[in-house]
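Here the structure comes first, spelled out in structure tokens, and everything after it is commentary.
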Amino acid sequence: MPVEASAHLVNTGLGPIYDGVAHFAMSPEAILPIVALGIFAGLRGPIHARASVLILPVGWVAFGLVGMLVGPLALNSVIESLPLLILGALAAADIRMPSWGTGSLALLLGAFEGWSFGSAYSASRDGLPALAGSAGLVFVLIAFVSAAVLKARWDWTRIAMRVVGSWTAASGMLLLGWGLR
């Protein structure tokens, strides 16, 4: 008689907060859009960076809680490629946008990825601490990336950041192609 198979989240043995941190740290499809948002916000200036640093983790937690209540969603890689494509292309193009637009992008990214992480934690009894752990690392990542880009003084560093954005968009295209095959 076959035994029921079940996947589990990352178990570090250090507790649910660190399990959430490890889950996020091992999810490049979630890390890259945040890096691209941090680059884009940093290129646009301190108001955009502050909006991203404040709104992204709040959206992550709020929609993560909704995801924990609703449960897993069946998303294919075509939909998962959209944050990579959009945010990578915006960072590469260095498009001018009002600060509320950058804040809206942060909220949308937090909603999408937070929901995804929250729904993954819905089966776990320690989902809330894991969600808090992943949100904490999201805050640290967006703060470091946007601050590093804000401190970029030379033109070549701004160009290098835009190249990283283009590589993020290229990763999104690869994921899109994988989803459409």
Side-chain angles (χ1 to χ4, degrees), residues 7-44 46-73 75 77 79-88 90-91 102-152 161 164-165 167-169 171-172 175:
H8 57 85
L9 296 174
V10 176
N11 188 353
T12 61
L14 299 173
I17 292 176
Y18 290 102
D19 292 348
V21 169
H23 180 208
F24 177 75
M26 294 183 207
S27 304
E29 71 279 2
I31 293 171
L32 286 175
I34 293 172
V35 169
L37 177 65
I39 291 171
F40 177 69
L43 288 173
R44 298 284 27 107
I47 294 173
H48 294 258
R50 286 184 200 122
S52 297
V53 168
L54 292 176
I55 294 172
L56 179 64
V58 170
W60 187 283
V61 170
F63 284 90
L65 291 173
V66 174
M68 287 176 63
L69 293 175
V70 173
L73 295 175
L75 296 177
S77 52
I79 295 172
E80 290 177 357
S81 68
L82 292 178
L84 287 168
L85 276 170
I86 295 169
L87 293 170
L90 286 172
T102 306
S104 298
L105 287 172
L107 181 62
L108 287 173
L109 181 61
F112 181 77
E113 296 293 346
W115 185 301
S116 175
F117 273 69
S119 65
Y121 301 143
S122 65
S124 171
R125 66 183 169 93
D126 295 327
L128 189 58
L131 183 65
S134 64
L137 192 54
V138 165
F139 173 77
V140 170
L141 181 63
I142 189 75
F144 276 140
V145 171
S146 60
V149 175
L150 280 172
K151 287 292 182 182
M161 294 298 145
V164 172
W167 289 348
T168 304
S171 299
L175 189 58

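From a predicted model like this one, the values you see are computed outputs, not experimental measurements. All values below come from the heavy atoms of this structure, side chains included, with hydrogens, waters and symmetry mates left out.
- Between Pro83 and Glu113, the closest heavy-atom pair is CG-OE2, 4.4 Å.
- Put simply, CG on Leu37 and CG on Leu32 are 12.5 Å apart, with the number rounded to the nearest 0.5 Å.
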Check: Can Leu105 and Leu90 be said to form a side chain to side chain contact (heavy atoms under 4.5 Å, CB included), step by step?
Finding: CA-CA 11 Å; Leu105 287 172; Leu90 286 172; 3.5 Å; yes

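- Taking both residues in full, the closest heavy atoms of Leu43 and Ala91 are given as CD1-O, 3.8 Å, listed atom of the first, atom of the second, then distance.
- Contact detail for Ser146 and Ala49: the closest heavy-atom pair is CB-CB, 3.9 Å.
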Next item on the list: Please test Val138 against Ile34 for side chain to side chain contact (heavy atoms under 4.5 Å, CB included), starting from the C-alpha separation and ending with a verdict.
Entry: CA-CA 8 Å; Val138 165; Ile34 293 172; 3.9 Å; yes

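- Interatomic distance, CG of Leu128 versus CD1 of Ile17, reported as 9.0 Å (0.5 Å rounding).
- Contact record, Ala51 with Gly103: CB-CA, 4.3 Å, taken as the closest heavy-atom pair.
- The heavy-atom pair separating Ile39 from Met161 by the smallest distance is CG2-O, 3.6 Å.
- For Ile47, the CD1 atom sits in a loose shell: 12 or fewer heavy atoms of surrounding residues, nucleotides or ligands are nearer than 6.0 Å.
- The backbone N or O of His48 lies less than 3.5 Å from a partner atom in the side chain of Ser52, making a donor-acceptor pair.
- Rounded to the nearest 0.5 angstrom, Leu82 CG and Leu109 CG are separated by 11.5 Å.
- The two residues Ala135 and Val61 have their closest heavy-atom pair at CB-CG2, 3.5 Å.
- At least one side-chain heavy atom of Ser134 sits less than 4.5 Å from a side-chain heavy atom of Tyr121.
- The structure places OG1 of Thr168 at 9.0 Å from CG of Leu87, a figure rounded to the nearest 0.5 Å.
- Atom CG of Leu137 is separated from atom CD1 of Ile142 by 12.0 Å, given to the nearest 0.5 angstrom.
- Note on residues 28-40: no pairs pass side chain to side chain donor-acceptor pair (under 3.5 Å), not counting sequence neighbours.
- In this pair, Phe117 and Trp60 present their aromatic rings tilted. The plane angle is within the 30 to 60° band.
- Rounding to the nearest 0.5 Å places CZ of Phe40 at 4.5 Å from OG1 of Thr102.
- In this structure, the side chain to side chain contact (heavy atoms under 4.5 Å, CB included) partners of Phe63, at least two apart in sequence or on a different chain, are Leu107, Ala111, Trp115.
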